**Q** 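Starting off with a structure, shown below.
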Amino acid sequence: MRFAVIGDIHANFAKADAIVRRHCGPVDAIFSVGDAEPNRTEADSLGVGGPAKYRKVGDFPEFVAGWRSMSAPVYFIGGNHEPWPSLDAQGPGEWAPGFHFLGRSGVREVAGLRVAFLSGIYSRHFSEPDTPPAVTPERLKEYGYFTRPQVNLLLDQARGKSVDLLLTHEWPSGLSYLHRGKEPVGRDAIRALTDRLAPQVHACGHMHTPFRERVGATEVVCLSQVAYGPDAVSVLELASDGTLKELPIHV
């Protein structure tokens, strides 16, 4: 079985699908690492945190209406730019025809893969306390932070299980990549998941930069954003022996 993993879509789903079709070929499922911005309506888009100039409906309503379709079912987590009030209100499950929101955190069996996932980005005030502050509609940015209880839920669900694919929006810390050649990137809380779960593949986005590095038994796959082209996609193959590995994309 083959799978595509796509980086930050930022409401450009037609281009995301074109990249998958051209550079991955037929796949059984598509995984999104967050900042997909699947805004079904303008009301959804108004719930996206950040400056208003970055909020857009995009072309997702065309997929909701059935005018367009992706080449395979899409399973997505959330980043820091999502219609979080709407996502939280509806919860995990089918978000639109062919699109499935995995949720804030947890472990799911998807198309033969055991997938662990954590939505959102790190905030010292929200991600560290055992009891995080309540989010407020007046500060939409707060919806995009992950919390310690969400991390604990993921770890509880993963206990005693092997993980094939870990999806996070942020990068793990400790990679050799330096932003602008001098600044380390990633978060210790995410690296702790990489080390503890030891997935075969850990895929992430957020930085809009393609990068690969092996961390122990895990291949870390960092993806660019869709606007930048094929660096936003990875194709994974699940072999008959259970091995999950990244394949070269079609050029």
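Note that the structure is predicted; figures quoted are calculated from it, not measured.
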**Q** I'd like to know if the side chain of Thr218 reaches the main chain of Val220, judged simply by a donor and an acceptor atom lying under 3.5 Å from each other, with no hydrogens or angles considered.
**A** no

**Q** Measure from the side-chain N and O atoms of Asp44 to the backbone N and O of Pro83, and report whether any donor-acceptor pair falls under 3.5 Å.
**A** no

**Q** Taking NZ, NE, NH1 and NH2 as the nitrogens, is one of them in Glu37 or Lys56 under 4.0 Å from a carboxylate oxygen of the other?
**A** no

**Q** Is any side-chain heavy atom of Val215 less than 4.5 Å from a side-chain heavy atom of Asp195?
**A** yes

**Q** Quick one: NZ on Lys15 to CD1 on Ile6, what's the gap to the nearest 0.5 Å?
**A** 10.5 Å

**Q** Check whether any side-chain heavy atom of His250 lies under 4.5 Å from a side-chain heavy atom of Cys24, and answer yes or no.
**A** no

**Q** Cation-pi check, Arg191 to Trp171: give yes when NZ or CZ is under 6.0 Å from the six-membered ring centre and within 45° of the ring axis, no otherwise.
**A** no

**Q** Looking only at heavy atoms, which two atoms of Pro92 and Gly103 are closest? And how far apart?
**A** CG-CA, 3.8 Å

**Q** For the pair Arg114 and Asp164, find out whether any cationic side-chain nitrogen is under 4.0 Å from an anionic carboxylate oxygen.
**A** no

**Q** Among side-chain atoms of Glu213 and Ser176, is any donor-acceptor pair under 3.5 angstrom?
**A** yes

**Q** Given 3.5 Å as the limit, does a donor-acceptor pair link the side chain of Glu170 with the main chain of Tyr122, or not?
**A** yes

**Q** May I ask you to decide whether Arg104 forms a salt bridge with Asp88, counting only side-chain N to carboxylate O separations under 4.0 Å?
**A** yes

**Q** Please walk me through it: do Glu82 and Val48 pass side chain to side chain contact (heavy atoms under 4.5 Å, CB included)?
**A** CA-CA 5 Å; Glu82 307 290 3; Val48 177; 5.8 Å; no

**Q** Taking only Lys NZ, Arg NE, NH1 and NH2, and the carboxylate oxygens of Asp or Glu, determine whether Glu246 and Arg212 approach each other closer than 4.0 Å.
**A** yes

**Q** How far apart are the closest heavy atoms of Pro133 and Phe126, and which atoms are they?
**A** O-CE2, 3.6 Å

**Q** Do Met70 and Phe63 come close enough that some side-chain heavy atom pair is under 4.5 Å?
**A** yes

**Q** Within this structure, what is the OG-CG distance for the pair Ser123 and Asn80, rounded to the nearest 0.5 Å?
**A** 11.5 Å

**Q** Taking the ring of Phe60 and the ring of Phe99, is the distance between their centroids below 6.0 Å?
**A** yes

**Q** What's the shortest heavy-atom distance between Leu166 and Pro199, and which atoms?
**A** CB-CG, 3.7 Å

**Q** Donor-acceptor pair, distance only, cut-off 3.5 Å: does the side chain of Arg55 make one with the backbone of Gly50?
**A** yes

**Q** Are Glu237 and Lys245 close enough, and set up right, to give a side chain to side chain contact (heavy atoms under 4.5 Å, CB included), and what steps lead you there?
**A** CA-CA 6 Å; Glu237 182 176 73; Lys245 64 179 181 180; 4.1 Å; yes

**Q** What's the separation between atom NE2 in His206 and atom CG in Asp8, rounded to the nearest 0.5 Å?
**A** 8.0 Å

**Q** Between His169 and His81, is there a side-chain heavy-atom distance shorter than 4.5 Å?
**A** no

**Q** Would you please name every residue forming a side chain to side chain contact (heavy atoms under 4.5 Å, CB included) with Pro61, sequence neighbours left out?
**A** Val57

**Q** Identify the heavy atoms of Gly47 and Leu140 that sit nearest to each other, and give their distance.
**A** O-CD2, 3.7 Å

**Q** Which distance, rounded to the nearest 0.5 Å, do you find between the CZ of Arg196 and the CG of Leu154?
**A** 9.5 Å

**Q** About how many Å separate CG of Asp231 and OG1 of Thr209, when rounded to the nearest 0.5 Å?
**A** 9.5 Å

**Q** Any donor-acceptor pair under 3.5 Å linking the side chain of Arg214 with the backbone of Ala217?
**A** yes

**Q** In terms of hydrophobic clustering (I, L, V, M, F, W, Y; side-chain heavy atoms under 4.5 Å; direct or indirect links), are Tyr228 and Phe211 co-clustered?
**A** no

**Q** Side chain to side chain donor-acceptor pair (under 3.5 Å) between Thr243 and Gln200: does it pass, once the steps are laid out?
**A** CA-CA 8 Å; Thr243 301; Gln200 296 194 64; 4.8 Å; no

**Q** Under 3.5 Å, side chain of Glu142 to main-chain N/O of Val135, donor-acceptor pair present?
**A** no

**Q** Between Asp28 and Arg2 (side chain of the first, backbone of the second, donor and acceptor by atom type, cut-off under 3.5 Å), is there such a pair?
**A** yes

**Q** Is there a side-chain contact between Trp84 and Ser119 (heavy atoms, below 4.5 Å)?
**A** yes

**Q** Which value, rounded to the nearest 0.5 Å, describes the distance between Leu46 atom CG and Asn39 atom CG?
**A** 9.0 Å

**Q** Mark yes or no for whether Gln157, through its side chain, and Val107, through its backbone, hold a donor-acceptor pair below 3.5 Å.
**A** yes

**Q** List the steps, then state whether side chain to side chain contact (heavy atoms under 4.5 Å, CB included) holds for Val151 with Ser105.
**A** CA-CA 7 Å; Val151 173; Ser105 67; over 6 Å; no

**Q** Could you check if a side-chain atom of Arg148 sits within less than 4.5 angstrom of a side-chain atom of Glu128, using non-hydrogen atoms only?
**A** yes

**Q** Are Leu153 and Phe117 connected in the hydrophobic side-chain network, where two residues link if heavy atoms are under 4.5 Å apart?
**A** no

**Q** Hey, does Leu118 have a side-chain heavy atom less than 4.5 Å from the side chain of Gln150?
**A** yes

**Q** Indicate, with yes or no, if Val33 and Leu113 share a hydrophobic cluster defined by side-chain heavy-atom contacts under 4.5 Å among Ile, Leu, Val, Met, Phe, Trp and Tyr.
**A** yes

**Q** If I compare all heavy atoms of Pro184 with all of Lys182, which pair ends up nearest, and what's the gap?
**A** CD-O, 3.6 Å

**Q** Is Val74 reachable from Ile77 through a run of I, L, V, M, F, W or Y residues, each pair having side-chain heavy atoms under 4.5 Å apart?
**A** no

**Q** Just say parallel, tilted or perpendicular for the rings of Tyr75 and His100, cut-offs at 30° and 60°.
**A** parallel

**Q** Step by step, work out the ring pair (Phe, Tyr, Trp, His ring centres under 6.0 Å) result for Phe76 and Phe101.
**A** CA-CA 5 Å; Phe76 67 96; Phe101 176 45; 5.4 Å; yes

**Q** Within the structure provided, determine whether Val5 and Leu223 are in side-chain contact (heavy-atom separation under 4.5 Å).
**A** yes

**Q** Count the heavy atoms belonging to other residues, nucleotides or ligands that lie under 6.0 Å from CD of Glu42, then report whether that count exceeds 12.
**A** no

**Q** I need the minimum non-hydrogen distance between Ala96 and Val64, along with the two atoms involved.
**A** CB-CG2, 3.9 Å

**Q** Tell me whether Leu167 is reachable from Val201 by hopping between hydrophobic residues (I, L, V, M, F, W, Y) whose side-chain heavy atoms are closer than 4.5 Å.
**A** yes

**Q** Evaluate side chain to side chain contact (heavy atoms under 4.5 Å, CB included) for Leu247 paired with Leu236, printing each intermediate quantity in order.
**A** CA-CA 6 Å; Leu247 301 178; Leu236 306 177; over 6 Å; no

